[in-house]
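Step one of this worksheet: look at the structure below.
Position 1 is the first residue of the sequence; numbering continues from there.
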Amino acid sequence: MKPSKKALAIALPVLLALGACGTGDGGGGETSGTGGGGTGGGEASNELTVWTWDPAFNIYAMQEAEKIYQKDHPDFKLNIVETPWDDLQTKLTTLAQSQSYDELPDIFLMQNNAYQKNVANYPELFTDITGSGINFADFPESVTAYSTVDGKNYGVPFDAGTAIGAYRTDLLEEAGLKIDDFTDIDYAKFIELGKQIKDKTGKPLLSGQAGSSDTIMMMLQSAGASLFDDAGKPTITNNDALLKSIDTYKQMVDAGIFLEVNSWDEYVATIVNGDVAGTINGVWIAGTIQTAKDQSGKWNITNLPKLDGVANATNYSAIGGSSWGVSSNANVELAQDFLKSTFAGSKELYDTILPASGAVANWIPAGSSDVYKQPQEFFGGQPVFEKVVEFGTKVPKNNTGAYYYEGRDAVSAAITQIIQGADPAGALEEAQKNVEFAMN
């Protein structure tokens, strides 16, 4: 996965937002408001400092949220400091280790998969916002779980990482199929259909980066499974759902219906150049798909295949996403009210940012708006956004653990070995030992 290249603009594909699922390129710098970053504490009673990345997506959303909050609070100001994710994580770590909490902003954005580790390692950076008045039940439980530690909420979910299956309807038709044939099915059926498409069109059904575990991670979460148990200990060995996921992935590669490529750019090229019949990824991939303007009207989306023979398997998953955290240095009352009134309480906000940036809400009430129900011409007239919000409510909760990235990287290495013929049990045992070593 290369999150910094994840394009997110769906309704207006010219605005391809970079890094919506959690990372960003781009330099730092003051974006709006006054003063530099890291002052926090709400310098004035009506001002908040925010650290986030990506002008076309996260920063744009914050600017629109500021306008909405100003309607009832005309003197309110946001000081938005553009901070790429890697820099933001480094700053948080440095400030925690030096105990320089007074340099924290009021609000910062954090990758969902990084939440558990940061709260566990640096609890003094965060404010518990469980009692903020925010209705966390208005977000999918699978999403709030990322920023929930010991039953306490430390984040307000923002962009959705809900996974979709997106397919070229013209190529499906050429193979005698339609989108309904890919809806609510298992991977055994999916592989069968993939072979049919390859036979009739000569094209693989899917593509992805060799050595990446992204597809495996989506399979795991679709069954509510993980690389870690509830205590945070790695469960890479003797993990039936993981073994099934890897075996399914290998079956697709061996059958020629999953094309492995060497880079994120090559992956994108397979889609926009029409080299594959579809893709499975986070909804943010729709922005990338839409850069192929000659393919307008030739795509449909549906849910994912589910793992056959695995308990609790579903047709829904997610990958990526981010949430807003309130720091320990914040003007807590103001920060909580701002987030409650905007990202956790404003259909107007999500209706505004959706067409301009493709920011699909995790906030469930947004899905009932007329904007979300609009048919999308590129996707054959489907109400894509409404569907994705519905999908998001069905994604199983799973435990990412504080060492999610270490686990993901170890499994990625194991997948490469297994594809090359290594014994799955042995490769996963090595991965388990590598994660255990990292944890010590």
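A donor-acceptor pair under 3.5 Å is absent between the side-chain atoms of Ser213 and the main chain of Ile216, judged by distance alone. Using a distance-only test at 3.5 Å, with no hydrogens or angles considered, a donor-acceptor pair links the side chain of Ser328 to the main chain of Glu124. Counting only distance, with no hydrogens or angles, the side chain of Asp186 and the backbone of Lys306 share no donor-acceptor pair below 3.5 Å. Between the side chain of Gln111 and the backbone N or O of Gly320 there is no donor-acceptor pair closer than 3.5 Å. Put simply, the side chain of Asn303 never gets that close to the backbone of Tyr316: no donor and acceptor are under 3.5 Å apart. Between the side chain of Gln376 and the backbone N or O of Gln374, at least one donor-acceptor pair lies under 3.5 Å. Here the side chain of Asn315 pairs a donor or acceptor atom with the backbone of Ile185 at under 3.5 angstrom. Not one N or O on the side chain of Gln251 forms a donor-acceptor pair closer than 3.5 Å with the backbone of Ile191. Using modelled atom types, no side-chain atom of Tyr122 and backbone atom of Leu95 make a donor-acceptor pair closer than 3.5 Å.
Using a 30° and 60° split on the angle between ring planes, Phe126 and Phe108 fall in the perpendicular class, above 60°. A tilted orientation is assigned to the rings of Phe139 and Phe136, their planes being inclined by 30° to 60°. Note on ring orientation: taking the six-membered ring where Trp is involved, the planes of Phe385 and Tyr372 are perpendicular (angle over 60°, cut-offs 30° and 60°).
More than 12 heavy atoms of other residues, nucleotides or ligands lie within 6.0 Å of CG in Asp294, so this atom counts as buried by the packing criterion. Atom NZ of Lys198 sits in a crowded spot, with more than 12 heavy atoms from other residues, nucleotides or ligands closer than 6.0 Å. Annotation for Asn312: atom CG does not count as buried by contact number, only 12 or fewer foreign heavy atoms lying within 6.0 Å. Enclosure of atom CG in Asp423 by more than 12 non-hydrogen atoms of other residues, nucleotides or ligands within 6.0 angstrom is indicated.
Phe158 has its ring centre less than 6.0 Å from the ring centre of Phe57.
Checked for salt-bridge contact, Asp181 and Lys189 miss the test: no charged N lies under 4.0 Å from a carboxylate O. Remark: Lys250 engages Asp254 in a salt bridge, criterion side-chain N to carboxylate O under 4.0 Å. Ionic pairing of Glu406 and Lys117 is present here: one or more N-O contacts between side-chain nitrogen and carboxylate oxygen are shorter than 4.0 angstrom.
Nearest heavy atom pair, residue Leu307 against residue Ala241, reads CD1-O, 4.2 Å.
Atom CD of Gln116 sits about 12.5 Å away from atom OH of Tyr404, to the nearest 0.5 Å. Distance NZ/Lys203 to CD1/Ile197: 11.5 Å, rounded to 0.5 Å.
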Intermediate values then yes/no, side chain to side chain contact (heavy atoms under 4.5 Å, CB included), Lys347 and Trp363: CA-CA 9 Å; Lys347 286 186 179 181; Trp363 190 57; 3.7 Å; yes
Check against ring-ring contact (aromatic ring centres under 6.0 Å, His included), Phe258 and Tyr249: CA-CA 8 Å; Phe258 190 108; Tyr249 178 84; 4.9 Å; yes
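Within the 4.5 Å cutoff, side-chain heavy atoms of Thr416 are placed close to those of Gln420. Residues Leu243 and Asn239 form no side-chain contact, since every pair of their non-hydrogen atoms from C-beta on lies 4.5 Å or further apart. When side chains are defined from C-beta on, Asp87 does not count as touching Trp51, because their heavy atoms never get closer than 4.5 Å.
The side-chain contact (heavy atoms from CB on, under 4.5 Å) check on Ser222 picks up Thr314, Ser317, with sequence neighbours excluded. The side-chain contact (heavy atoms from CB on, under 4.5 Å) test applied to Glu430 returns Gln417, Asn434, not counting sequence neighbours.
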